[in-house]
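What follows is a single structure, written as structure tokens, with notes after it.
Within every chain, numbering begins at 1; the chains are lettered A, B, ... in the order of the sequence lines, protein sequences first and strands thereafter.
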Amino acid sequence: MTQIQNVTDFSLKYTLESGQSFRWERIDNAYYGVVEGRILKLLQEGTTLHVESSTDENEADFVPFLHHYLDIVRDVPHILIGVRNDAYMHRATKKLWGMRILNQELWETIASFILSQNNNVRRIRGIIRRLSERFGERLTLGAYVDYSFPSPDALSRAAESALFACGTGYRASYLSDTAQAIVSGELSLTSLQQMSYTEAKQELMRRKGIGEKVADCICLFSLGHLAALPIDVWVKRIFETLYLRRRATHREIREFAYNYFGESVGYAQQYLFHYVHECPNWADAEHLSLIEMKSAGLTQF
DNA sequence: TTCCAGGAGAGAG
DNA sequence: CTCTCTCATGGA
């Protein structure tokens with residue numbers, strides 16, 4: 001059992017339940033998930049994080065690993081104040097205060113968001129769970145059983161029909177192709193991690209099944225590029241409804257969002273994305289009226 | 001039954 | 001460049 005003390009401006013719930021990872025399961029107030037080959041059990045009590053692992057961890061490495069994965073080291077309050085330009089964002093950041101963008105393992109993030117296209121979160125989770133059960137390694141933490149995310153090698157050797165049987169649908173060939181490209185060295189994960197946002201995005205988009213949105217998800221949720229802006233149906237809807245007040249192309253949304261929120265637009269996007277999922281009345285008249293109101297001068301937290 | 005989901009590829013204009 | 005059609009799946 002590991003404890004991390006003085007974790008401030010952090011919400012485990014919103015971080016793990018905001019659609020950036022498909023691997024976490026809440027049981028009571030604890031979260032179970034698999035991260036880089038081990039089961040983790042995470043429980044937040046105020047500013048203390050209780051952690052259990054299925055592996056014998058070296059404390060000196062484990063705590064920094066957790067800090068990085070959960071993005072605890074980042075000055076998120078500074079980012080949020082910087083993107084809190086209006087009363088709407090003020091409300092969103094207040095409700096979800098402490099939500100952070102994870103730094104997830106690169107291959108799992110690539111594979112997961114290839115599978116996410118034209119799909120819903122519930123089904124994506126099911127596909128990833130079945131792929132892990134079928135091609136990953138069995139792990140246990142007490143009575144809890146889960147499976148590691150299968151390696152590129154394991155998925156590259158799997159028959160596409162076997163991937164298909166896990167429910168991947170037409171995405172099976174995309175997943176297989178990219179796994180094979182990584183095994184062959186045609187696509188280098190370590191190179192991707194050294195590239196700028198623009199370079200990494202461009203390199204990712206060369207793969208079949210990775211378009212602009214999926215590439216941006218990988219850049220944001222694994223590579224730490226906060227300028228990445230994944231535009232899915234919801235983000236498009238949010239910007240068209242709240243800010244632009246008209247039908248807009250992806251290019252127009254991207255230009256507006258970057259000008260309005262700045263270099264940490266990815267963080268702003270995540271708060272908006274999750275806020276509208278938490279608030280069914282996100283687009284009612286009272287909410288819309290908040291957009292013109294500046295955040296400055298509103299009550300602090 | 002049709003529509004939708006953290007879309008992308010292919011083709012047409 | 002933009003628009004449209006299709007892709008496999010399951011829940012609403």
Taking for A:V214 and for A:R237 the nucleotide of DNA chain B with the nearest heavy atom, the one nearer the 5' end belongs to A:R237
Value in whole Å for how far the C1' atom of B:dG7 lies from CZ of A:R207 | 18 Å
If the P atom of C:dC7 is compared with that of B:dT2, how far apart are they to the nearest Å?
-> 16 Å
Are a donor atom and an acceptor atom from the side chains of A:H250 and A:E212 found within less than 3.5 Å of each other?
-> no
Find which nucleotide of DNA chain C each of A:G169 and A:T249 is nearest to by heavy atoms, and output the residue with the more 5' nucleotide.
-> A:T249
Decide ring pair (Phe, Tyr, Trp, His ring centres under 6.0 Å) for A:Y271 and A:Y14; before the verdict, give the C-alpha distance in whole Å, the side-chain angles of both, and the deciding distance to 0.1 Å.
-> CA-CA 10 Å; A:Y271 275 79; A:Y14 291 134; 8.6 Å; no
For A:Q194, what residues pass the side-chain contact (heavy atoms from CB on, under 4.5 Å) criterion, not counting sequence neighbours?
-> none
Looking only at atom C1', what distance separates C:dT6 and B:dC3, rounded to whole Å?
-> 16 Å
Taking N and O atoms by type only, does the side chain of A:Y170 place a donor or acceptor under 3.5 Å from a partner on the base of B:dG7?
-> yes
d(A:M293 CE, A:D86 CG) to nearest 0.5 Å is 9.5 Å
Would you tell me if any nitrogen or oxygen in the side chain of A:K208 comes within less than 4.0 Å of OP1 or OP2 on B:dA10?
-> yes
Interatomic spacing from CG in A:L49 to CG in A:L66 - rounded to 0.5 Å = 7.5 Å
Evaluate whether atom CG of A:N29 has more than 12 neighbouring non-hydrogen atoms of other residues, nucleotides or ligands under 6.0 angstrom away.
-> no
A:Q269 (side chain) and B:dG6 (base): donor-acceptor pair under 3.5 Å = yes
Rounded distance in Å between the P positions of C:dT4 and B:dC4 = 16 Å
For A:F221, report the nucleic acid contact type (base, sugar-phosphate, nothing); a contact means any heavy atom under 4.0 Å.
-> base
Pairwise 5' ranking along DNA chain B for A:I210 and A:V121, keeping only the more 5' one | A:V121
For A:L102 and B:dG6, give me the distance from atom CG to atom P, rounded to whole Å.
-> 17 Å
Counting only N and O atoms by type, is there a donor-acceptor contact under 3.5 Å from the side chain of A:K213 to the main-chain atoms of A:V233?
-> no
DNA chain C: first to last nucleotide in contact with chain A (atom under 4.0 angstrom from a heavy atom), 5' to 3', is C:dC7 to C:dG11
